[in-house]
Enquirer: 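Once you've had a glance at the structure underneath, I'll fire off some questions.
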2 protein chains.
Amino acid sequence: MMPRHTTPDLDATDRRILTILQRDARIPNTELADEIGLTPAPTLRRVRRLEEEGVIHRYVALLDPKLVNRDLMVMVRVTLDKQTKQGFEDFADKMRARPEVLECYLCLGDTDYLLKVCVADLDAYQNFLVEVLAAIPGVRNTDSTIIVKQEKYTTSLPLD
Amino acid sequence: MMPRHTTPDLDATDRRILTILQRDARIPNTELADEIGLTPAPTLRRVRRLEEEGVIHRYVALLDPKLVNRDLMVMVRVTLDKQTKQGFEDFADKMRARPEVLECYLCLGDTDYLLKVCVADLDAYQNFLVEVLAAIPGVRNTDSTIIVKQEKYTTSLPLD
DNA sequence: GTTGAAAGATGTGCGCC
DNA sequence: GGCGCACATCTTTCAAC
């Protein structure tokens, strides 16, 4: 496997493959080959290479949050009290362990961490704030922004 | 197809299927069947039903942003000037048309919209701010939070 | 990158509990 | 109503070119 710090060269065909797989991870290789104008064998070789290089990180199913009763999304800005390396790592570890925390970002500016949290309803969110966030030593302040409507959601990175 | 406003009943087997597919969308049906303790035929029927009901919204490949040179992520808080229905819809439409805007949320509170933007570097981001956001009439204010490190990123919704 | 052939996965019909 | 079996179909995968 190529070391992950080396940026692989992606030609136009690779980028077309990636764009299609970002839209539909389950497209049969035969159909993918058709769309990019190659035969199945080299197409599959390219896909396998992109997987091994880590360009394709994983294949996932996206669910409808409403239909699985996880409809409340909240963005939380968190500032920590003592800004030590250990304090930051502890916080990030705790967020990784919480399934309702979908995303956790270390940020520049006033905010230390940004969280995207997904729960069933406001009761569940209040519970998260009180029992999880507030229970972490070193959390100085949190600011929750309730999401009313998802106008756009995509995981597709634009490729030049 | 079941109307999408009807919440389908998900039993424990359905939830196990969904949890696995959220992790690995390309698992062979035979293997999925093994993991949940059914034979392939009823397993596949359940997966198809979950797809038709819309519980499974789509299957996608997730890429490594670094390896495709889309490494700068920014969260942008946007407030609009004139808070008319048309103004909001126009803004959301423009965000949907921009490939570097991965997510766009209508929010409660001081912020009207939250954006997650993914670009190659600060130059590209400045270009987005000036040429795209600032060019939209009705945008009163924007506040950008640069993401330094992605501590956690998952698309998996926790299922009870 | 192409062809062709073997191995394996998907998907359907039907009987059963 | 959902499960399991068996069979036909299509896809993946690996040669050799």
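Residue numbers start from 1 in every chain, and the chains themselves are labelled A, B, ... in the order their sequence lines are given, proteins ahead of strands. These numbers come from a predicted model, not from an experiment.
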Enquirer: Tell me, yes or no, whether the heavy-atom count around A:Asp110 atom CG, taken from other residues, nucleotides or ligands under 6.0 Å, exceeds 12.
Expert: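 Count not over threshold, so no.
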Enquirer: To the nearest angstrom, how far is A:Ile27 atom CD1 from D:dC10 atom C1'?
Expert: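 It is 15 Å, rounded to the nearest whole Å.
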Enquirer: Reckon A:Arg26 touches a base, only the sugar-phosphate, or nothing at all at heavy-atom distances under 4.0 Å?
Expert: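 The answer is nothing, as A:Arg26 stays clear of every strand by at least 4.0 Å.
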Enquirer: Any heavy-atom pair between the side chains of A:Val74 and A:Phe128 that's under 4.5 Å?
Expert: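 SC-SC contact between A:Phe128 and A:Val74 ruled out.
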Enquirer: Among D:dG4, D:dT13, C:dG1, which nucleotide has an atom closest to any side-chain atom of A:Asn29?
Expert: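 Nearest nucleotide to the side chain: D:dT13.
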Enquirer: Using whole Å, report how far CG of B:Leu32 lies from P of C:dG8.
Expert: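 Nearest whole value for this atom pair: 19 Å.
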Enquirer: Can you tell me the distance, in whole Å, between the CZ atom of B:Arg46 and the P atom of D:dG2?
Expert: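 Rounding to the nearest Å, CZ of B:Arg46 and P of D:dG2 are 7 Å apart.
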Enquirer: Would you say A:Arg48 places a side-chain N or O within less than 4.0 Å of OP1 or OP2 belonging to D:dT13?
Expert: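 It does, given that an N or O in the side chain of A:Arg48 lies less than 4.0 Å from OP1 or OP2 of D:dT13.
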Enquirer: Here's a test of your reading of the structure: between A:Arg45 and A:Glu31, which maps to the more 5' nucleotide of DNA chain D?
Expert: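 Result of the comparison: A:Glu31.
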Enquirer: What is the separation between atom CG on A:Leu44 and atom P on C:dT3, rounded to the nearest whole Å?
Expert: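 The distance from CG of A:Leu44 to P of C:dT3 comes to 16 Å, rounded to the nearest Å.
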Enquirer: I want to verify a distance call: between C:dT2, D:dC3, C:dT12, whose nearest atom is closest to the B:Ala41 side chain?
Expert: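 Shortest atom-to-atom distance from the side chain points to C:dT12.
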Enquirer: Rounded to the Å, how far apart are B:Leu38 CG and D:dG1 P?
Expert: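 Between P of D:dG1 and CG of B:Leu38: 18 Å.
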Enquirer: Should A:Thr39 be listed as having a side-chain N or O under 4.0 Å from OP1 or OP2 of C:dT2?
Expert: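 True: A:Thr39 side-chain N/O within range (under 4.0 Å) of C:dT2 OP1/OP2.
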Enquirer: By the 4.0 Å heavy-atom rule, please label B:Pro28 as base, sugar-phosphate, or nothing.
Expert: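 If one applies the 4.0 Å heavy-atom cut-off, B:Pro28 turns out to touch the sugar-phosphate alone, with no base involved.
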Enquirer: State whether B:Arg70 and A:Asp160 are salt-bridged, where the test is any N-O pair (Lys NZ or Arg NE/NH1/NH2 against Asp/Glu carboxylate O) under 4.0 Å.
Expert: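 Salt bridge present between B:Arg70 and A:Asp160.
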Enquirer: Determine whether the side chains of A:Tyr105 and B:Lys116 contain a donor N or O and an acceptor N or O closer than 3.5 Å.
Expert: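 Side-chain D/A pair, A:Tyr105 to B:Lys116: present.
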